[in-house]
Amino acid sequence: MTIKLYGVAMSTCTAKVLACLHEYGAEFELVPVNLQNGEHKQPAFLAKNPFGQIPALEDGDLTLFESRSISTYVAEKFKGSSCDLLRSQNPKEAALVKTWMEVESQQFSPAISPIFYQSIIVPILYGGSPNQAIIDESAAKLGKVLDVYEKKLSSSKYLAGDFYSLADLHHLTYIYYLMKTPYGKLINERPRVKAWWEDISSRPAFKKVAPGLTLGDKN
Amino acid sequence: MAAIKVHGSPLSTATRRVLACLYEKEIDFQFVPVNMATGEHKSDNFLALNPFGQVPAFEDGDLTLFESRASANYVAHEFADKGTQLLISGSNKEVAVLELWKEVEAHQFNTPSSKVVWELFFKPFLGMATDAAVVEENETQLGKVLDVYETRLTQSKYLASDNFTLADLYHLPNIQYLLATPAKKLFESRPHVDAWVKEITARPAWSKVLAMMNQ
């Protein structure tokens, strides 16, 4: 039985999981969820994720939601292959991966998500105008977070150490969208962050995911 | 001197999260107070421990960590054999359920509950005015989250399983502050949530965390 991932390729959180699945070469089926029709708030989907958000994952009798718990499950399930994104064999490295996963979750995401929401979601999905005050406030916060990253990346190649891990991967989709906005400068102005971004976004697994991240593209 | 050190403040929710875990695991540690009123958490010495300048920071010998959930998670794994079992062992599928409910705390519960705690507990404490609109918006959001918890807790004694785990523990700091505000009504109106709140806040290890206020 194959893993089923319910979501859409253009969603930051769904694509986060897709990147992880591709890193491990895992077989899966992407089952589209019709957000326009509110499918994610209907009982059938709420039975998978009571918070009514994509993605959700089914693997046989296991149903999961929250993208970061899904990617962690994938990394554990396919552990032992040449791919090692959690460093589970080394408790100290594993703890550092968890620390920088928390940083992405608690420091980075809350700062970048309003920029993404105002710059891309509000105009495209709601036909509204971006709230520049919110963007400016978030850009300032994101800049401070990225200053910490700039310093950290002077002592290690990736966030948790000299190895690529889920901590780096979890940043891919939000940064990809940020680079479509003028706020991509926050990445480009910081040489080590920029180099790190260029490295992680050139990974073959991410190159399979990036073409699906089409929000904001002009047709 | 204990190999484990926690640098933080006894009032800080994030510091309490790590302390709760250490007390549950019955592990010796040294608490190093950080004087936030004087900006010690932004000093070079502290930034060397946590470059984000936030409490707590955590040390175990030559390992330095920050982010309370990562620190508590490390303790729960490193000392799996001691004290309370805070993890789920078993198949990847069984473990995944714990990870899921930890994420729910981080991404669904933490934001609205933190905002309500800030408005209804800390702002009055600091002589600042509460923003009623922020309270209403976040109490509504928190109510929706607790509705999900109410259903979940009819299926399972604690969030991730029939045993107390890290997923429940991570909620304790914000719950404790909410109980000291009118927002406690959000728990009282949901019987399974209410029972769970009473149960987890009555744990002896949590009482030890609260007793640190008296030191």
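Just so it is clear: chains get the letters A, B, ... in the order the sequence lines come, proteins before strands, and each one is counted from 1.
- In this structure, chain A has a heavy atom under 4.5 Å from the backbone of Thr64(B), while its side chain stays farther away.
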Intermediate values then yes/no, side-chain contact (heavy atoms from CB on, under 4.5 Å), Leu100(B) and Tyr73(A): CA-CA 9 Å; Leu100(B) 187 160; Tyr73(A) 169 70; over 6 Å; no
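- Both the backbone and the side chain of Phe66(B) come within less than 4.5 Å of a heavy atom of chain A.
- Both the backbone and the side chain of Val145(B) come within contact range of chain A, each with at least one heavy atom under 4.5 Å from a heavy atom of that chain.
- Top candidate by heavy-atom pairs under 4.5 Å with chain A, chosen from Thr151(B), Val148(B), Asn110(B), Thr111(B), is Val148(B).
- In this structure, no portion of Asp147(A) lies under 4.5 Å from any heavy atom of chain B.
- Side-chain contact between Thr99(A) and Tyr74(B) is absent, with no heavy-atom pair separated by less than 4.5 Å.
- Per-residue counts of heavy-atom pairs under 4.5 Å with chain B were compared for Leu64(A), Leu46(A), Ile70(A), Val97(A); the largest is that of Leu64(A).
- For Gln107(A), the part lying near chain B is the side chain, with the backbone staying farther off; criterion is any non-hydrogen pair under 4.5 Å.
- With no hydrogens or angles considered, no side-chain donor-acceptor pair links Gln106(A) and Gln54(B) at under 3.5 Å.
- At a 4.5 Å heavy-atom cutoff, the contact between Val148(A) and chain B is made by side-chain atoms alone.
- Checking Glu102(A), Glu104(A), Lys98(A) one by one against Glu67(B), the side-chain contact (heavy atoms from CB on, under 4.5 Å) holds for a single residue, Glu102(A).
- Partner of Ser69(A) under the side-chain contact (heavy atoms from CB on, under 4.5 Å) criterion, chosen from Glu99(B), His107(B), Lys102(B): Glu99(B).
- Within the 4.5 angstrom heavy-atom criterion, only side-chain atoms of Thr72(A), from C-beta onward, approach chain B.
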